[in-house]
Amino acid sequence: AEYLRLPHSLALIRLRNPPVNALSLAVVNGIREGLQKAMSDHTIKAIVVCGANDKFCAGADISSFSRSSPGISFGVVVDEIQRYEKPVVAAIRGVALGGGLELALGCHYRIAHAEARVGLPEVALGILPGARGTQLLPRLIGVPMSLDLITSGRPVGADEALKLGILDVVINSDPVEEAVKFSQEILDKPLEPRRLLNKSVPSLPNMDSIFSEAFAKVQKQYPGFLAPETSIQALQAAVNLPYKLGIKEEEKLALYLQKSGQARALQYVFFAESSVHKQSPPSVASWQTASPQPISSVGVLGLGTMGRGIAMCFAKAGIPVVAVESDPKQLEIAKKAVTSMLEREASKMQQSGRAWTKPTLTFSSSADMLCESGRFGQKTGKGWYQYDKPLGRVHRPDPWLSEFLSQYRETHHLESRSISQEEILERCLYSLINEGFRILGEGIAASPEQIDIIYLSGYGWPRYRGGPMFYAATVGLPVVLEKLQKYYTQNPDVPQLEPSDYLKKLAAHGNPPPKDWQSLAGPPGSKL
Ligand SMILES: CC/C=C/CC(=O)SCCNC(=O)CCNC(=O)[C@H](O)C(C)(C)COP(=O)(O)OP(=O)(O)OC[C@H]1O[C@@H](n2cnc3c(N)ncnc32)[C@H](O)[C@@H]1OP(=O)(O)O
């Protein structure tokens, strides 16, 4: 942070840490030194705090989270600012997020440009606003809105922040110039009413029900996420405890979240999301330049409306199709429908003088053994289980299945054994992860982050577990390799369990973090 003396007995502290003026240790020390300088200089009457390059501050430096404990020592700075005897005015442009907003809450006044955005997005990173955010915000804007902003992490625009009472002034001009003028106007005003730490949280008669509704809401909206619920506990502390004890509780809860593992995963996701936008496959191929792999034939399972359409598309593209439907009635209907669609297509093409090659479409009624028996799972009321009704959710073991399995075992000379939850989890997940390593080795995915983001955005993988490749690193690559080796030895007929060379190469280095995998494993092959 830079310290400047301005005319009219003012000092300016400008945060400078491109690109977003994140609160690195150096920036925090700079703010503190600047403030102490201003306090000890009796010619300085007020201080303006702003950020360089049209951004106030995007909060703590997320990349440094694994190295230090964010929030805790910065909370002391926020308290010091509030207790200063000279007015400190925050001049906000761009964003004041997380620690950036906490810094502004420590200041006695907040002036912002109309396009600025402020918020406490910590929950998205698996943490809570631990530099007094959970204690100061409810003192300023009350519990209901603090619950909304802190548990959702949503930033608000300057106009909304003004209405809520987070900001004191919103202008369309330069907030620093405005703050300079404003500082001179408020020099004689008492500071005590501006010190949030000495205020109490506005009380409401139904506080208990507000909190229980908030807990129920976040459990429904963010199932499995620890940070929103823990933030509510911190807000409860703001209501139930004096400030001195409330901040201790906030520290304790913040520390719990930092150590939870969810924080590490969510912070990984933050950087993974921004890096995938910038990546292209290692072979520099892209969907625009890649040539397609040859497809010799296609199988379509199920000939409902969707299946028929899919079968038709491939058939029209000249790719042989084998369409499988276990229900003989449905199969007949589908055959007729597809044949008549193809005939219509053929006559259209012949009328327009184009050549028509009869597509290869084979219909088969032999499907997977369970499906063959009409057991499609929940939708038909039976599958591996029997359900209370079609589409029902209540399931119970089915004697039919026991009989079926015992015959299957006899035919295939298999011995029955009980399989632990752990084995189910490991065989499902590690074979999936193994495939991830395979496609990294083949150069199909540019990075583990790409695979993880696809799983988070497209397959419902819980965000707080960071994606399958991140999960592999949390388990440890040597462990994943050892388990795959064990399961592959036991099940040599399951090729997905054969450890990929890429995984073997990486595990030889111990358990390197995902960001180092590519440099350690060497250049990938390319299938694109
Ligand atoms: C000290 C007390 C502790 C308090 C706890 C906290 O403060 S936790 C942090 C809370 N803050 C955030 O969660 C903000 C996260 N950042 C954003 O939402 C956005 O980046 C932004 C600030 C709104 C800017 O968005 P924009 O689309 O304009 O740019 P990018 O997202 O591409 O970001 C530009 C580069 O800046 C990096 N970056 C952003 N925020 C941080 C941060 N807080 N710490 C470290 N780095 C940050 C981002 O990764 C981009 O970097 P590149 O290298 O260019 O990819």
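Both counts, for ligands and for their atoms, begin at 1 and track the order of listing.
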Subject >> Set of ring-ring contact (aromatic ring centres under 6.0 Å, His included) partners for W461, sequence neighbours left out >> reply: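 Scan of W461 (ring-ring contact (aromatic ring centres under 6.0 Å, His included), adjacent residues dropped) gives none.
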Subject >> Per-atom contacts of ligand 1 with P19, taking only distances under 4.0 Å to non-hydrogen atoms >> reply: 35 (C), 36 (O)
Original post:
What atoms of ligand 1 come within less than 4.0 Å of a heavy atom belonging to D61?
Top reply: 44 (N), 45 (C)
**OP:** Examine ligand 1 and decide if any of its atoms is less than 4.0 Å from a heavy atom belonging to K55.
**Re:** no
Original post:
Testing L15, L97, V20, V49 for side chain to side chain contact (heavy atoms under 4.5 Å, CB included) with F56, which one passes?
Top reply: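 Testing F56 for a side chain to side chain contact (heavy atoms under 4.5 Å, CB included) against L15, L97, V20, V49 leaves exactly one candidate, V49.
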Original post:
Only one of I141, I247, L105 clears side chain to side chain contact (heavy atoms under 4.5 Å, CB included) with L136; which?
Top reply: L105
Determine whether the side chain, the backbone, both or neither of [X] has a heavy atom under 4.0 Å from any heavy atom of ligand 1.
X	answer
S274	side chain
L125	side chain
A60	both

**OP:** Give the intermediate values and the outcome of salt bridge (charged side-chain N to carboxylate O under 4.0 Å, His left out) for residues K244 and E249.
**Re:** CA-CA 9 Å; K244 243 181 166 173; E249 189 62 14; over 6 Å; no
**OP:** Consider every N or O of A131 and every N or O of ligand 1, then say whether any pair is closer than 3.5 Å.
**Re:**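 So ligand 1 has no N or O lying under 3.5 Å from an N or O of A131.
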Subject >> Contact (N/O only, under 3.5 Å) between I127 and ligand 1 >> reply: no
**OP:** Check the surroundings of atom CD in E192: do more than 12 heavy atoms from other residues, nucleotides or ligands lie under 6.0 Å from it?
**Re:**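 Atom CD in E192 is packed in, count exceeds 12.
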**OP:** Might you confirm whether atom OH of Y222 has over 12 heavy atoms from other residues, nucleotides or ligands at distances under 6.0 Å?
**Re:** yes
Original post:
Given I62, V95, L97, N21, which has its nearest heavy atom closest to atom 44 (N) of ligand 1?
Top reply: I62
